[in-house]
Structures are given as C-alpha cells and as structure tokens.
Protein chains: 2
Amino acid sequence: MSTRERLIESTRTLLWERGYVGTSPKSIQQLADAGQGSMYHHFSGKEKLARAAIDRTAEEMRAGVDAQLSGPGTALERISAYLRRERDILKGCPIGRLTQDPDVMAAPVLREPVEETFAWLRSRLAGVVTEGVEAGELSPAIDPAATASAIVAALQGGYVLARAADSAQPFDQAIEGTLALLGASAVR
Amino acid sequence: MSTRERLIESTRTLLWERGYVGTSPKSIQQLADAGQGSMYHHFSGKEKLARAAIDRTAEEMRAGVDAQLSGPGTALERISAYLRRERDILKGCPIGRLTQDPDVMAAPVLREPVEETFAWLRSRLAGVVTEGVEAGELSPAIDPAATASAIVAALQGGYVLARAADSAQPFDQAIEGTLALLGASAVR
DNA sequence: GTCTATATTTCGATAGAC
DNA sequence: GTCTATCGAAATATAGAC
C-alpha cells in the first residue's frame, strides 16, 4: 500500500475510534508509519486528510447498504436483513459518530459528506418502505419518510445504548423491538 | 452563584457542546470567569470536575423524565408526551453524546453515571410499557424491554439524524414514525 | 517524496505568594 | 480561595535539506 493510502486508512481508523477532535496528525503518522513531511506532502493538513477518509468511508457504507437493500426478498425481509446484518456494534457507526464532533459539523468540507450520506440513507430506505406499501405488504397508513427515519434512528440510537451499556444487548433489543413494531404494521 | 457552581455549570455547557476531549480546563475557566488556581482549588482536575458536571446533568434528566412518565394518562399517552416534549434537538442529548467520547468511556469514573442513566431510562420505560400491556392497552405480544430500548434508541438516533441534516425534521419524523408503529400495536 | 529542525499555541497541571 | 509564574508534553503546522 502506498504511503498516501496508508495515511487515508489510518485516518479512517482513528476517526472511527477517537473522532476528529481526538485524532492528532501525529497519531495518524504513527499508525500509517509515515513521517511528518510525508503527510503534509500528500495532504495540506488534517482537514483535507479527514475529508478523504470520510469520503471513502461514506462510499463504502453506501455501496454496502445499497447492495443489501437491492437484494432479493420482500421489502420487510430486506429491511430486516439490513438491520440484522453483522456489525461492530460497540464501535458504532463511523459516519454517525462524526455527527457529535463539533469541529466536523462546523467545517462545511467535513460536514458535507456526513449530511449527504444520511440524506441518501433515509431516502433509500423510504423507497423500500414505499415498495412494501405498494406491494400490499405494509399498511398504506404508514408514512414512508417517517418510517424510514424511525428505522435509521433505531440503528443509530442502538449504537448509543450499546456503548452506554458496554454491551450489544440493548442494540439488539432496539432492533428487534423496532422490527416487531414494523411487523405488527404488516398486512397479514 | 459561587465560583464552584459556575465551574460546574460551565463544564456542563461545554461538555454538551464540545464533549470531554474537546473541552479544555482553560475554556472552562474562561466561561466560568474563574482563574487557574481557583479551578484546581475546588477540583483536583478536569476529570473530577467533569464527573460533578455529568452527575448533575444525569440527575436533572432523571427527575425530568420521571416526572413526565409518572404523570397522568395512559401508558401510550405518557410515552408519546415524553417523546414529543420540547427539546433542544440540534444540541442533542447531553448524556447520550458522552457515549461517543472515547476518554469518557475509558474512564470508569466518567463512564459510570452515563451507564447508569441509560440503564435506568430503559428500565423505567419498560415499566411503562408493561403497564400498557397489563392495562390491555398494548398487545401482550410485545416485549417490554425490547420496546423500551427501541423507544430510547429512536430518540437518541433522532438526534443523530437531526445533527447530520442540521434540521429538526428527521428527528420529528423518527419520533412520529416510531409512535405510529407503536400505535398500530395498540389494542383497539 | 521523505526527512529533520524549528515554531507557535494549547493542554493539563503544579508551586507558591497573597 | 484566588492569583501569577512556570512546566513538560502535545497539537498543528512550516522550512528547507536530501
């Protein structure tokens, strides 16, 4: 892997573990095994490097979610598969955690990919919910946009509960609880 | 207000806005209008001060939630009132945000009140859900603990979505979407 | 492209006078 | 209780040699 690549990958790891404020150029350089000068040769500073890292994480996430939601199965089956897929629960969502970082939210360059990722995710899920309603699988009484937001929130909030408890249990409960409510809304 | 009080209140504000890693002793002193020596006279360091601040925020939150959930109305009405109560949505949850702070989660002294607050909250809500089931208001098919976790997660995740979008809208959608699903589970 | 040297601030705290 | 002085380390770069 090139030095440039190692810098991006190391930044991705550290942003996930420690956030933007908690990640220093020095720690990035150490993890990437790159020198000071090397980092500033490839990127003009911490912010630009972080942007490259966030972009890559966002792209990966989008591709993964899209593959799962575009797969076979009914709308409910795909949503359920998405929510139940294996995750690094205690590490949380690498994009969602950036939302709590004041310096990320204050810098338009860093904020943009975060905002776009969640806008895309909510809209993508709303589409699947709509498919479920149109297929007569879900009640026409439900609001696709609100339901999609509720599903994404259950995930993001599940991570918060898991970290607070230092256990995956409340995350699983939140997911299963949400799916149970969604299932009760299904047209049988 | 005493200097000690101002230090605690300033720390509460900064922890909420910037998190633990992002809050420096200096910034606390400036906001509290207290000198270096003053702060270290009242608290042995940043960690102890943060603990005092977190404790107070946790107590306040518990008292507020408890008052709302112990109020009049059916279980569903009280849950709905709790979820819909006025909030500083874009600022997020002052306790939930600490969950993303690696230094808070790594220090048992700081982690403890966060963990306890969420454990209490989930259990308190599970109690209300159980009341709803026993009153014949909610379906006996639902799992109180899972449903409680789903409700708390919707709130915490709603904050994440709101911050990502820089808008309260996705928060409101997540809450209304969750309440709609819960309502569909009601025994009519 | 990478290295070392240097620079300025801030972090988080201690010491000791008042 | 509060103030000023001081401290060693780290954050976030820039400069310039190789």
Side-chain angles (χ1 to χ4, degrees), chain A residues 1-56 97-98 100-111, chain B residues 1-56 97-98 100-111:
Chain A
M1 219 194 310
S2 70
T3 298
R4 194 193 148 83
E5 276 301 301
R6 291 201 316 277
L7 283 165
I8 295 178
E9 290 303 315
S10 297
T11 304
R12 295 218 297 154
T13 299
L14 289 169
L15 282 183
W16 196 0
E17 286 175 0
R18 307 214 22 100
Y20 184 74
V21 173
T23 297
S24 68
K26 188 177 186 179
S27 65
I28 295 172
Q29 292 151 24
Q30 284 173 340
L31 187 59
D33 196 26
Q36 194 93 309
S38 213
M39 180 187 131
Y40 284 101
H41 168 74
H42 291 291
F43 299 92
S44 64
K46 179 181 167 177
E47 199 178 83
K48 282 289 166 49
L49 178 45
R51 170 65 191 244
I54 296 172
D55 276 346
R56 183 169 298 180
R97 77 114 52 233
L98 297 174
Q100 301 303 318
D101 224 306
D103 290 8
V104 169
M105 293 296 102
V109 199
L110 301 178
R111 184 202 174 68
Chain B
M1 220 193 313
S2 70
T3 298
R4 194 192 147 84
E5 275 302 300
R6 291 201 316 276
L7 283 165
I8 295 179
E9 289 303 314
S10 298
T11 304
R12 294 217 297 155
T13 299
L14 290 168
L15 283 183
W16 195 359
E17 285 174 1
R18 307 209 26 98
Y20 184 74
V21 174
T23 296
S24 69
K26 188 178 185 179
S27 65
I28 294 171
Q29 291 151 24
Q30 284 174 341
L31 188 58
D33 195 26
Q36 194 93 310
S38 212
M39 180 187 130
Y40 284 101
H41 168 73
H42 291 290
F43 299 93
S44 63
K46 179 181 169 180
E47 199 178 81
K48 282 289 166 49
L49 179 45
R51 171 64 192 244
I54 296 172
D55 276 346
R56 183 169 299 179
R97 77 111 55 231
L98 297 174
Q100 302 301 319
D101 223 305
D103 289 8
V104 169
M105 293 296 103
V109 199
L110 301 178
R111 183 202 174 69

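For the numbers below, each heavy atom of this structure counts, side chains included, while hydrogens, waters and symmetry mates do not. Reminder, nothing fancy here: chain letters follow the sequence lines and each chain counts from 1.
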Tell me: NE2 of B:His41 to P of C:dT14, nearest whole Å? 15 Å
The side chain of B:Lys46 is closest to which nucleotide in this list: C:dG1, C:dG12, D:dT14? C:dG12
Lys/Arg N to Asp/Glu carboxylate O, B:Glu5 vs B:Arg56, below 4.0 Å: yes
Starting at NZ of A:Lys48 and ending at P of D:dA13, how long is that distance when rounded to a whole Å? 11 Å
Look at the side-chain N and O atoms of B:His42 and state whether any lies under 4.0 Å from the OP1 or OP2 oxygen of D:dT2. yes
A:Gly22 vs B:Gln36, nearer the 5' end of DNA chain D by closest nucleotide: B:Gln36
Grab the CZ-C1' distance between A:Arg18 and D:dA10 for me, whole Å please. 13 Å
Centre of A:Tyr20's six-membered ring, under 6.0 Å away, within 45 degrees of the axis: is that where NZ or CZ of A:Lys46 sits? yes
From CD of A:Gln30 over to P of D:dT12, roughly how many Å is that when rounded to an integer? 13 Å
Measuring to OP1 and OP2 of C:dG1, would you say a side-chain N or O of A:Ser38 lies under 4.0 angstrom away? no
Give a yes/no on whether any side-chain N or O of A:Thr3 is located under 4.0 angstrom from OP1 or OP2 of C:dT2. yes
Side chains of A:Ser10 and A:Thr13: is there a donor and an acceptor less than 3.5 Å apart? no
Would you mind reading off the distance between B:Ile28 atom CD1 and C:dT10 atom C1', rounded to a whole angstrom? 14 Å
Just how far, in rounded Å, is C1' of C:dA13 from CG of B:Leu49? 14 Å
Give me the atom names and distance for the closest heavy-atom approach of A:Arg97 to B:Pro102. NH2-CD, 3.9 Å
B:Lys26 has an atom NZ; how far is it from atom C1' of C:dT10, in whole Å? 7 Å
Rounded to whole angstrom units, what separation is found between the CD atom of A:Glu47 and the C1' atom of D:dA11? 15 Å
Taking B:Arg6 first and then B:Glu9, would you say they form a salt bridge - that is, a charged N and a carboxylate O separated by under 4.0 Å? no
May I ask you to say what B:Thr23 touches in the nucleic acid, namely base, sugar-phosphate or nothing, with a heavy-atom cut-off under 4.0 Å? sugar-phosphate
Could you check whether B:Gly37 gets within reach of a base, just the sugar-phosphate, or nothing at all, counting any heavy atom under 4.0 Å? base
